[in-house]
Student: 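Please read through the structure below; I'll follow up with questions.
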Amino acid sequence: MEERTLFSDTNENETPFVKGELNRMIFHNEAEHFSIASIHVIETNEDFSEKSLVIKGHFPPLEDGETYYFQGEFQEHKKFGKQYQVEFYQRIMPETKDGLIVYLSSDLFHGIGKKTAERIVEELGEQAISKILQEPEVLDRIPKLAKEKKQQLIDSLKEHQGFEHVMIQLNKYGFGLKLSQKIYQAFKDQTLAIIEEDPYQLVFNVEGFGFHRADEMAKMQELPEDHPTRIRAACLYILQQSLSAGHVYLPTKDCLLQVDALLNGGNKQGITLDELSKQIIELAEERYVFIDEDRVYLPSLYHAENGFCHQLERITENEMEEEYTQADLLKIIGDIEEQETMSYGEDQFRAIEKALHSQVMILTGGPGTGKTTVIKGIIQAYAKLNDISIDPGDYEQGEPFPFVLAAPTGRAAKRMTESTGLPSSTIHRLLGWDGHQSFDKNQNNHLEGKVLIIDEFSMVDIWLANQLFRAIPQDMQVLIVGDEDQLPSVGPGQVLTDIIKSEYVPSVQLTEVYRQKEGSRIIQLAHEIKNNECKASSLRKDKDFNFISAGEQQIKSLVTSIVQKAIDKGIELKEVQVLAPMYRTEVGIHKLNEEIQKAVNPKSKQKRDLTYKEITYRKGDKVIQLVNQPEDHVFNGDIGEIVAIFRAEENVDQVEQVVVEYDGKEVVYPKKDLNNIMHAYCTSIHKSQGSEFSVVILPVVRGFKRMLRKNLLYTAITRSKHSLIICGDERAFLEGVQTTDTNLRFSALAEKLQSEAVPQIVEDEEEAELSPYDFM
Ligand SMILES: Nc1ncnc2c1ncn2[C@@H]1O[C@H](COP(=O)(O)OP(=O)(O)OP(=O)(O)O)[C@@H](O)[C@H]1O
């Protein structure tokens with residue numbers, strides 16, 4: 001469908017139209033160029049008086065804060081009601097003055113809110129930017145503009161000089177401010193020339209720029225369909241897409257066939273496979289991809305996989321100094337058992353012994369098998385054998401503490417601290433991540449300490465594994481702890497499974513369940529699922545477990561009433577967690593959040609609220625952070641509570657704000673950043689990885705069927721410490737736990753570790769190819 005830019009002189013009143021702004025994208029299929037979105041209706045001459053409208057049709061993802069004009073017709077959808085089928089769409093170009101206000105109040109100009117931007121444009125007019133640059137004193141005429149803000153504004157305007165011109169041109173192609181900024185950052189003053197000559201460069205150089213968009217631009221430019229950069233961009237795009245399925249590479253043949261399908265779409269007369277292969281090879285020669293045997297990699301993943309193999313080899317090559325005698329070991333472990341008044345199981349003893357003798361070891365096991373007990377045993381035994389203290393207080397400032405504990409998420413790190421009594425941190429913090437591409441700890445600046453223990457390793461993807469291992473000094477012993485039956489990492493790879501499979505380092509699996517002895521049905525159920533032994537009788541009621549059969553229509557009220565009951569019993573809201581596998585069904589995460597909020601934190605005169613994109617945030621709401629925000633020390637998956645809401649006139653930034661408290665630290669979100677959080681009464685099972693809660697409530701209905709897999713349900717139920725309530729359809733649950741995830745991930749790690757020659761890396765090259773990695 002054609003997109004044109006609309007200037008404000010368009011005569012819109014003749015034909016029926018709807019003008020609106022994005023509430024949220026509901027669906028977008030890049031290949032089909034098909035979207036469904038919910039919009040906030042600003043104006044329409046159709047017979048429609050509601051504020052929100054669901055539109056669908058062939059248009060690109062709509063951008064936040066931009067206004068669009070649509071023509072089409074209303075349709076009645078059987079299930080979802082009234083919808084607008086879009087036939088034609090346009091982005092409305094702001095008038096110059098409005099555009100200038102949007103530009104000045106954008107993220108480029110720190111501390112300039114909308115009101116200040118309006119004042120500047122009101123006072124200085126459309127030529128405001130050139131006036132300020134020529135004579136900065138004109139800013140003295142703007143009321144309420146602090147001196148340091150003035151200087152900041154002048155500096156930023158100088159820095160971004162030229163961008164406003166590019167931005168207005170890019171608007172022609174329908175790009176919003178954010179995307180324009182990204183494009184401009186990649187090409188600077190070459191931006192417009194590059195876009196006109198070869199729009200496919202955007203796929204190569206602008207993160208997240210899809211192939212289809214570039215293709216549409218190329219059509220406008222009338223570039224031929226077999227243009228070499230079109231083929232190369234298609235290949236890169238296919239590889240980038242494969243990341244979301246967790247692949248580290250694609251087999252060459254798969255890659256070729258997918259590129260063929262994308263470009264030729266079944267047309268046998270299209271570009272030949274020979275031509276496609278030739279371009280992929282050229283892409284490899286230019287190092288935009290790497291071909292290794294019959295695999296095609298994106299550079300960052302090729303270097304991460306090879307780098308990790310190399311680092312693991314480097315560390316395991318170390319000749320360990322300490323060799324403890326069997327007699328010493330027996331005595332010391334005996335002392336610990338006496339001190340703790342317990343005796344280790346056979347596997348546990350073997351795990352402690354092996355860990356002490358191994359440079360790198362893997363410890364696996366389901367819940368309650370004693371992983372934490374063994375970790376504590378290893379720490380105590382190491383300390384006794386080497387005559388060192390495990391009290392951090394005994395170490396001078398600057399003297400490294402020998403035990404370094406880390407986990408992929410903040411909550412998992414916190415749990416490690418609670419169970420061991422020792423300091424622990426997230427892997428990112430341990431490595432001194434700067435929030436962008438660099439890590440303070442790396443191959444040139446190693447971690448300090450003697451023993452590194454990393455828990456929840458199943459969550460670590462190949463990028464992070466490589467970053468972590470390059471920072472480990474050769475004489476540091478490493479204990480990798482995890483449960484391979486849980487969901488794999490969100491990012492690419494299956495590092496834990498692959499290392500175990502390769503047998504490159506020793507691993508000990510704990511199988512005996514100890515907590516079961518305390519009568520936990522949750523733990524038994526977990527092990528029955530793990531061993532494929534879960535049956536209807538496994539779901540019988542017990543003191544910490546209940547399966548409540550319910551139809552799909554009852555789920556929302558049932559789940560809500562269980563949450564309410566738990567709270568009434570005095571359990572803290574943050575310890576009661578509803579987990580669901582899908583966001584957008586009638587009983588999905590969004591709907592459950594709405595319903596639970598109504599019950600546990602309802603509208604009230606005493607509590608302020610703020611609505612953003614159809615969602616009402618209220619003081620007292622439980623919320624979850626959705627992205628990493630290292631500058632505020634808050635990370636993807638952190639759960640907090642809204643403690644205040646400020647109106648625009650109440651703060652210096654002059655924007656509405658929501659303040660969320662995460663474990664004692666407060667983070668302020670201006671309204672436009674509320675995309676970074678969502679309600680957390682119910683969260684996805686994926687987001688709950690690495691966390692535990694007192695009470696877990698898990699709705700399982702037929703409608704979730706395509707998501708219900710053994711590893712997903714296993715991950716969900718093992719999040720609960722004291723009570724697990726599953727509600728819904730028993731058959732759906734039992735079928736789910738019997739369904740193994742068949743979505744194999746392409747990863748060559750195990751094979752590379754098993755091969756004679758572990759890949760070598762060129763350090764400089766690796767440095768140059770680090771991924772712009774946002775850790776999802
Ligand atoms: N050898 C043992 N003898 C008696 N009790 C044990 C033994 N090993 C572990 N336990 C007990 O079993 C329970 C579970 O152990 P632990 O917390 O170490 O397991 P875990 O694998 O870390 O479990 P999770 O992953 O669920 O936290 C604890 O209460 C622990 O004290």
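Whatever order the structure lists ligands and atoms in, that order sets their numbers, starting from 1.
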Student: Assess Gly365 for proximity to ligand 1: is some non-hydrogen atom of it under 4.0 Å away?
Tutor: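 Flag not set, Gly365 not near ligand 1.
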Student: Could you say whether the N/O atoms of Pro367 and ligand 1 ever approach to under 3.5 Å?
Tutor: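 No, no N or O pair falls under 3.5 Å.
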Student: May I ask you to list the atoms of ligand 1 that are less than 4.0 angstrom from any heavy atom of Met342?
Tutor: 1 (N), 2 (C), 3 (N), 7 (C)
Student: Heavy-atom count around Arg702 CZ within 6.0 Å, excluding the residue itself: above 12?
Tutor: yes
Student: Determine yes or no for a side-chain-to-main-chain donor-acceptor pair under 3.5 angstrom, with Asp638 supplying the side chain and Phe635 the backbone.
Tutor: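 Pair found, side chain donor or acceptor close to backbone of Phe635.
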Student: Atoms of ligand 1 less than 4.0 Å from Thr369 heavy atoms?
Tutor: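 By the 4.0 Å cutoff, the relevant atoms are 19 (O), 21 (O).
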Student: Heavy atom to atom 16 (P) of ligand 1, shortest distance: which of Ser343, Gly366, Ser520, Gly370 holds it?
Tutor: Gly370
Student: Short list, please: which atoms of ligand 1 are under 4.0 Å from a heavy atom of Lys371?
Tutor: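 By the 4.0 Å cutoff, the relevant atoms are 18 (O), 19 (O), 20 (P), 21 (O), 22 (O), 25 (O).
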Student: For Glu448, which residues count as a side chain to side chain contact (heavy atoms under 4.5 Å, CB included) partner, sequence neighbours excluded?
Tutor: Pro400
Student: Flag yes if more than 12 heavy atoms outside Lys705 fall under 6.0 Å of its NZ atom; otherwise flag no.
Tutor: no
Student: For residues 400-409, pull every pair meeting side-chain hydrogen bond (donor to acceptor under 3.5 Å, both in side chains), keeping only residues two or more places apart or in separate chains.
Tutor: none
Student: Is there a polar contact between ligand 1 and Tyr344, counting only N or O atoms under 3.5 Å apart?
Tutor: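 Between Tyr344 and ligand 1 (N or O atoms, distance only) the closest approach is not under 3.5 Å.
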Student: With a sphere of 6.0 Å drawn around NZ of Lys384, does it hold more than 12 non-hydrogen atoms of other residues, nucleotides or ligands?
Tutor: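 Correct, the count exceeds 12.
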Student: Mark up the atoms of ligand 1 that fall under 4.0 Å of a heavy atom belonging to Gly345, in ascending order.
Tutor: 1 (N)
